[in-house]
Amino acid sequence: MELLSGADMLIRSLQDEGIEYIYGYPGGAALHIYDALFRQDKVKHILVRHEQAAVHMADGYARATGKPGTVLVTSGPGATNTITGIATAFMDSIPMVVLCGQVASTLIGEDAFQETDMIGVSRPVVKHNLSVRHPEEIPEVVAKAYYIAATGRPGPVVVDIPKDMTTPNERYEYLYPKKVKLRSYNPAIRGHAGQIKKAVDMMVAAKRPVIYAGGGVVLGKASKQLADLAHLLGCPVTNTLMGIGGFPASDKQHIGWLGMHGTYESNMVMHHSDLILCVGARFDDRVTNATEKFCPGARIVHIDIDPASISKTINADVPIVGPVDAVLKEMIGLVKESAEKPDAEALAAWWKQIEEWRAFHGMRYETSDTHIKPQEVVEAVWRLTGGDAYVTSDVGQHQMFAAQYYKFDKPNRWINSGGLGTMGFGLPAAMGVKLNFPDDEVVCFTGEGSIQMNIQELSTCKQYNLPVKIVNLNNQALGMVKQWQDMNYESRHSQSYMGSLPDFVKLAEAYGHVGIRIDKKEDLEPKLKEAFAMKDKLVFLDIYVDPYEHVYPMQVARGSMKDMWLSKTERV
Amino acid sequence: MRRIISVLLENEPGALSRVVGLFSQRNYNIETLTVAPTEDETLSRLTVTTTGSDRVIEQITKQLNKLIEVVKLVDLTEGAHIERELMLVKLKATGSQRAEIKRTVDIFRGQIVDVTSTVYTVQLAGNSEKLDAFIQSVGTSGVLEVVRTGVSGIARGEKVLSL
Ligand SMILES: Cc1ncc(C[n+]2csc(CCOP(=O)(O)OP(=O)(O)O)c2C)c(N)n1
Ligand SMILES: [Mg+2]
């Protein structure tokens with residue numbers, strides 16, 4: 001058997017796990033590991049400019065590919081800088097392994113230089129964390145970390161590695177485990193047959209059914225099964241913000257996404273339905289609005305891999321714990337076999353009603369002769385990229401506009417921080433995607449607020465040649481905050497205005513990229529075209545949009561799903 | 001409602017703090033918590049008493065089950081069970097109080113386990129209500145110090161919580 005140092009074992013374990021890229025930043029406690037990295041060339045390391053960005057890069061990669069991302073940082077500040085990224089991944093159930101250096105085990109507890117209890121600090125925002133207690137354990141710990149991160153309901157796993165676990169001249173036998181088994185962790189592999197049957201009977205009998213599909217469909221690679229089932233049932237399908245792309249936007253049965261800024265028709269359909277089939281979503285407060293007023297006439301079937309997501313905020317009539325793809329497949333089989341067929345007459349009446357709702361609002365917005373509207377920017381980008389780009393987003397109004405007006409037909413293309421709402425996510429996430437899909441178009445929608453939270457990564461983009469397109473919907477304000485202040489605080493814009501904006505064109509150029517400013521309506525289309533024609537260049541598009549625009553529809557706070565503002569003046 | 005949840009936990013450093021962290025992080029109550037290794041040294045047994053609506057209790061058990069180090073758990077209050085807590089109490093015991101306290105201790109089937117000329121130390125086991133009742137009977141004014149272990153519990157009959 002081979003003898004390796006702890007540091008070499010760690011890197012070998014990554015190789016054996018099939019890891020191609022890791023994202024990170026070196027420092028004292030991780031230096032043995034960085035040396036081991038240097039002495040091989042299979043695992044490639046991307047040096048970011050801030051550890052938070054390393055985590056978002058790994059996260060973007062994971063969201064686009066479905067495979068766990070990997071981060072490597074040092075102890076203390078290196079580790080604590082990853083926390084926002086880890087929390088972001090945790091809230092959206094993104095698989096990821098974060099390897100953190102730690103001071104030597106002999107120093108732990110002594111307030112040593114750059115010592116932070118990373119196991120303690122990260123505990124509430126990880127699926128699990130592990131510390132290495134002997135160098136020999138490293139292969140097993142790494143295998144466990146990836147296994148836990150990627151199976152069941154995915155999530156981030158932190159591995160804490162004291163420096164003396166990676167000492168170069170102490171060698172141990174290396175063997176990477178073929179299989180990991182944990183007696184205390186056994187994610188469900190199929191749903192309960194009786195419950196599935198019961199659910200199918202209810203779905204077939206329903207008069208006003210709707211499928212409410214979440215990020216679990218994307219993470220669980222179940223879009224094909226979802227579409228098959230929806231087509232068999234003939235019912236409308238709405239996605240959550242995290243589930244966008246899990247069902248094709250261009251499909252006739254798609255009614256847009258739901259919740260706070262969802263489409264009028266989705267929220268109306270939900271409220272008036274008699275049966276909701278929830279697939280891999282979690283009835284979060286940005287979807288349900290006031291839970292006590294939630295969908296009064298609906299019975300609920302809820303499929304989720306995580307039992308704790310079921311009946312947490314909204315009670316499920318038929319809970320089904322299991323992987324969504326397997327459960328949907330069983331449902332498809334049962335619907336096909338079923339003697340009862342969906343009620344065509346009831347469905348026709350239901351669709352007639354839905355089409356009326358669709359026609360009533362239909363995601364309209366007012367255009368202007370003077371101002372560029374953020375919505376029309378998104379629509380233009382959608383057209384110019386053939387609707388087939390990987391689109392990442394930061395957080396704010398621009399995020400909602402991007403999600404509303406870019407129509408996604410494929411899963412894993414819409415990449416945003418839905419659960420935590422992390423400003424600063426968009427650019428590094430786009431970089432993680434571009435690195436792994438160099439031939440695909442990768443667009444980051446951002447705002448002048450959000451982009452400045454991780455703008456230093458323009459430097460990383462230069463170093464590794466990551467020609468993403470940054471579309472800055474510059475409204476010269478923390479627009480989403482300002483919108484809330486307009487609506488709830490009589491337009492007292494407390495700290496939501498950003499003075500002293502940098503010249504983003506010069507800034508992009510200073511980092512070695514191309515910057516384009518667009519502030520005239522007639523320039524929008526030609527300059528966007530110009531930008532997207534520069535395939536091998538990072539282009540920063542600084543687009544001055546209407547600073548007074550609000551995102552609509554918007555649910556009325558503490559109302560039911562159907563209580564919405566449709567514009568600044570229309571409330572239904 | 002008050003519940004007693006019994007948990008088999010991997011006997012590993014950090015496992016207990018994950019359980020305790022879960023309760024504070026998700027705003028659940030902990031009334032009592034006891035934990036000790038079992039006959040299988042790789043496992044600890046933890047008993048927690050908590051209160052909450054049915055929905056909250058369901059969430060607590062589901063969230064606990066989600067912790068990787070939780071091997072198995074049972075809500076003992078769902079079936080017939082035995083609940084015990086141990087209490088040590090120091091009581092002021094002088095003059096006529098001494099006989100009175102002795103009588104009360106006997107009624108509650110406790111034991112006086114340490115004596116000075118002015119103080120009795122009493123040991124008492126039982127369910128939590130019984131321990132509360134004892135304190136009430138002797139009167140809080142005479143109580144110098146109380147220490148309780150928190151609740152341990154086990155199901156009645158054939159049912160066992162094991163691997
Ligand atoms: C790290 C972080 N801090 C604060 C917030 C609160 N927040 C949500 S949206 C927003 C404004 C974002 O401004 P900008 O990026 O310019 O986007 P806009 O809404 O103007 O499109 C803020 C401050 C957040 N989501 N994330
Ligand atoms: Mg802005």
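Note on naming: letters A, B, ... go to the chains in the order of the sequence lines (proteins, then strands), and numbering restarts at 1 for each one.
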Do other residues, nucleotides or ligands put more than 12 heavy atoms under 6.0 Å from the [atom1] atom of [X]?
X: A:Arg299; atom1: CZ; result: no
X: A:Glu292; atom1: CD; result: yes
X: A:Ile189; atom1: CD1; result: no
X: B:Ile30; atom1: CD1; result: yes
X: B:Lys130; atom1: NZ; result: yes

What's the shortest heavy-atom distance between [X] and [Y], and which atoms?
X: A:Lys312; Y: B:Arg55; answer: O-CD, 3.4 Å
X: A:Pro124; Y: B:Gln25; answer: O-NE2, 3.4 Å
X: B:Leu43; Y: A:Arg183; answer: CD2-NH2, 3.6 Å

Beyond-backbone contact of B:Glu69 with A:Ser184, side-chain heavy atoms, under 4.5 angstrom: no
pair B:Lys62-A:Ile310: side-chain heavy atoms closer than 4.5 Å: yes
Against chain B, label A:Asn186 side chain, backbone, both or neither, depending on which of its atoms sit under 4.5 Å from a heavy atom there. neither
Using side chain to side chain contact (heavy atoms under 4.5 Å, CB included), reason through A:His128 and B:Leu67 one step at a time and then give a plain yes or no. CA-CA 8 Å; A:His128 195 54; B:Leu67 297 178; over 6 Å; no
Mind checking the NZ-CD1 spacing from A:Lys127 to B:Ile68? Nearest 0.5 Å is all I need. 5.5 Å
To the nearest 0.5 Å, what is the distance between NZ on B:Lys66 and CZ on A:Arg153? 4.5 Å
Highest number of heavy-atom pairs under 4.5 Å with chain A: which of B:Gly14, B:Gly21, B:Pro13? B:Pro13
Quick check on the interface: out of B:Leu9, B:Leu22, B:Thr42, who has the most heavy-atom pairs with chain A under 4.5 Å? B:Thr42
Is a side-chain donor or acceptor of B:Gln59 paired with a backbone partner of A:Ala308 at a separation under 3.5 angstrom? yes
Before giving the answer on side chain to side chain contact (heavy atoms under 4.5 Å, CB included), spell out for B:Glu58 and A:Ser311 the whole-Å C-alpha distance, their side-chain angles and the decisive distance to 0.1 Å. CA-CA 9 Å; B:Glu58 187 180 326; A:Ser311 299; 3.9 Å; yes
